[in-house]
Amino acid sequence: MTGFAARRGQGAGHSWAWDIRSVNGKGLDLRLRVPEWIDGLEQALRAEMAKAMGRGNVSLSLKVARDGMSEGAEGLRVNPPALAAVLKAMAEVEQTAMDAGLTLAPANAADVLAVRGVLDTSAAEIDTAPLRAAILADLPALLAEFAAMRGAEGAVLARLIGAQLDEVARLTEAATHEAAARRAAAAGHLREALAKVLENVDGVDETRLAQELALLAVKNDVTEELDRLGAHIDAARALLADGGPVGRKFDFLMQEFMREANTLCSKAQSMALTRIGLDLKTVIDQMREQVQNVE
């Protein structure tokens with residue numbers, strides 16, 4: 001499910017800005033871009049984010065800057081050789097991109113300082129635990145804003161999928177009526193076919209022939225498919241009413257919907273029932289696209 005949230009925070013002598021965004025995904029793929037010099041921060045963020053969401057390709061970006069010379073950070077110094085190496089690598093990357101006709105977003109000083117080794121902390125050991133704790137304390141507010149946006153989109157999706165389920169139910173009912181009408185006509189056609197065979201073939205086993213025709217009628221009966229479609233509709237509506245993550249269950253259910261619609265078309269034996277089956281497949285395919293957005 002798509003979503004976005006941005007937030008700024010301050011604490012432990014630092015200020016920070018982060019944003020989080022997500023796009024559709026079959027599973028949960030967390031991509032974090034956070035300062036490496038804050039020990040244990042990325043692992044802690046991953047753990048908390050995994051608890052808060054179950055699906056989607058989620059990207060989190062965090063930029064941290066000092067408000068001034070914080071306590072315990074007096075020994076921070078820029079490492080000139082490391083800085084020169086990073087700047088040289090950046091120039092090579094930009095030149096390669098220009099040669100390929102690409103334009104890269106400009107990097108700022110905070111991006112460069114975030115590269116491991118650019119800041120030399122050898123003169124003093126920096127305790128990043130207070131900063132890590134302050135950032136983690138600010139995370140729930142960010143995730144709450146993110147969840148609120150995703151929830152609003154989820155409400156819209158629920159209405160769209162609910163309307164599509166109503167259309168599937170309407171088409172299933174139409175198919176039920178058409179199948180009943182076709183059943184009466186099919187019985188007459190089978191009796192006519194049996195009479196013609198008996199008139200033109202000598203020595204045929206009438207009982208055996210009647211059994212074969214009965215088996216053919218059973219094979220073309222779509223009652224079971226229509227019953228399963230009704231059950232799938234009920235299951236889908238129950239999933240919509242569920243407050244937890246249901247995306248994977250919905251994915252599986254869409255496969256079952258399409259399987260029954262395909263079988264209905266293959267057994268149709270009438271133009272009217274075939275048209276209904278094709279309409280069902282169209283609506284189910286549209287619904288499957290929407291379900292990809294559901295967590």
Side-chain angles (χ1 to χ4, degrees), residues 1-67 70 90 93 102-116 118-119 128-161 239-240 242-251 289-295:
M1 186 179 297
T2 57
F4 173 81
R7 183 176 175 83
R8 292 182 177 274
Q10 191 172 20
H14 291 71
S15 59
W16 55 83
W18 49 9
D19 66 64
I20 182 173
R21 60 193 69 204
S22 69
V23 294
N24 307 328
K26 291 185 177 180
L28 180 60
D29 181 14
L30 299 178
R31 302 178 184 180
L32 277 63
R33 186 180 180 187
V34 300
E36 296 181 354
W37 53 272
I38 305 177
D39 293 335
L41 178 60
E42 180 173 348
Q43 294 88 335
L45 289 174
R46 284 185 179 276
E48 294 301 317
M49 292 171 66
K51 295 177 184 177
M53 59 198 75
R55 197 180 192 201
N57 296 324
V58 184
S59 298
L60 175 72
S61 175
L62 173 67
K63 295 182 179 180
V64 180
R66 287 180 295 157
D67 295 334
S70 61
M90 291 174 62
V93 170
L102 302 175
T103 301
L104 301 179
N108 55 37
D111 295 329
V112 176
L113 291 175
V115 178
R116 184 182 294 276
V118 172
L119 285 178
T128 59
L131 176 58
R132 181 180 66 246
I135 291 174
L136 290 175
D138 194 40
L139 178 64
L142 176 72
L143 294 181
E145 295 176 12
F146 182 61
M149 182 176 179
R150 297 180 95 199
E153 183 187 354
V156 175
L157 284 174
R159 289 195 294 269
L160 289 174
I161 295 174
L239 288 178
L240 280 181
D242 193 319
V246 296
R248 290 188 179 90
K249 294 179 181 178
F250 245 128
D251 278 342
E289 291 180 6
Q290 296 296 340
V291 164
Q292 299 306 310
N293 300 319
V294 177
E295 181 180 352

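Just so it is clear, the model here is predicted, and its values are computed rather than measured.
- Checked against side chain to side chain contact (heavy atoms under 4.5 Å, CB included), Val156 has the following partners two or more places apart in sequence or in another chain: Arg159, Leu160.
- Considering only residues two or more places apart in sequence or on other chains, Ser61 meets the side chain to side chain donor-acceptor pair (under 3.5 Å) condition with none of them.
- For the salt bridge (charged side-chain N to carboxylate O under 4.0 Å, His left out) test, no residue two or more places apart in sequence or in another chain qualifies with Arg8.
- In terms of modelled atom types and a separation under 3.5 Å, the side chain of Thr128 and the main chain of Asp39 share a donor-acceptor contact.
- Heavy atoms only, all atoms of each residue included: Arg248 and Leu28 are closest at NH2-N, 4.2 Å.
- Between Ala6 and Glu145, the shortest heavy-atom distance links the atoms O-OE1, 3.4 Å.
- In this structure Asp29 satisfies the salt bridge (charged side-chain N to carboxylate O under 4.0 Å, His left out) test together with Arg31, sequence neighbours excluded.
- A pairwise comparison of heavy atoms in Leu131 and Gly11 identifies CD1-O, 4.0 Å as the closest pair.
- Atom CG of residue Leu60 and atom CD1 of residue Ile20 lie 5.5 Å apart, to the nearest 0.5 angstrom.
- Residues Lys51 and Glu48 are paired through a salt bridge, judged by an N-O separation under 4.0 Å between the basic side chain and the carboxylate.
- Note that CE of Met53 is 7.5 Å distant from OG of Ser22, once rounded to the nearest 0.5 Å.
- Judged by distance alone, the side chain of Asp138 and the main-chain N or O of Ile135 form no donor-acceptor pair under 3.5 Å.
- What you find for Ala52 and Leu143 is that their closest heavy atoms are CB-CD1, 3.9 Å.
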Original post:
What do the steps show when you test Asn108 against Lys63 for side-chain contact (heavy atoms from CB on, under 4.5 Å), and what is the final call?
Top reply: CA-CA 11 Å; Asn108 55 37; Lys63 295 182 179 180; 3.8 Å; yes

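- Remark: Arg132 engages no residue in a salt bridge (charged side-chain N to carboxylate O under 4.0 Å, His left out) (not counting sequence neighbours).
- Salt bridge annotation for Asp19-Arg21: present, with a cationic side-chain nitrogen under 4.0 angstrom from a carboxylate oxygen.
- Atom CH2 of Trp16 is separated from atom CD1 of Ile38 by 9.0 Å, given to the nearest 0.5 angstrom.
- Here CZ of Phe250 is found 10.0 Å from CG of Leu157. Values are rounded to the nearest 0.5 Å.
- Counting all heavy atoms, side chain and backbone alike, Ala137 lies closest to Pro140 at O-CD, 3.4 Å.
- In this structure, Arg7 CZ and Phe146 CZ are separated by 15.0 Å, a value rounded to the nearest 0.5 Å.
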Subject >> Full working for side-chain contact (heavy atoms from CB on, under 4.5 Å) between Phe4 and Met149 >> reply: CA-CA 7 Å; Phe4 173 81; Met149 182 176 179; 3.9 Å; yes

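- In this structure, the separation between CG on Leu30 and CG on Leu45 is 10.0 Å, given to the nearest 0.5 Å.
- Residues passing the salt bridge (charged side-chain N to carboxylate O under 4.0 Å, His left out) test with Glu289: none are found, sequence neighbours excluded.
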Subject >> Residue pair Trp18, Leu32: steps toward the side-chain contact (heavy atoms from CB on, under 4.5 Å) verdict >> reply: CA-CA 11 Å; Trp18 49 9; Leu32 277 63; over 6 Å; no

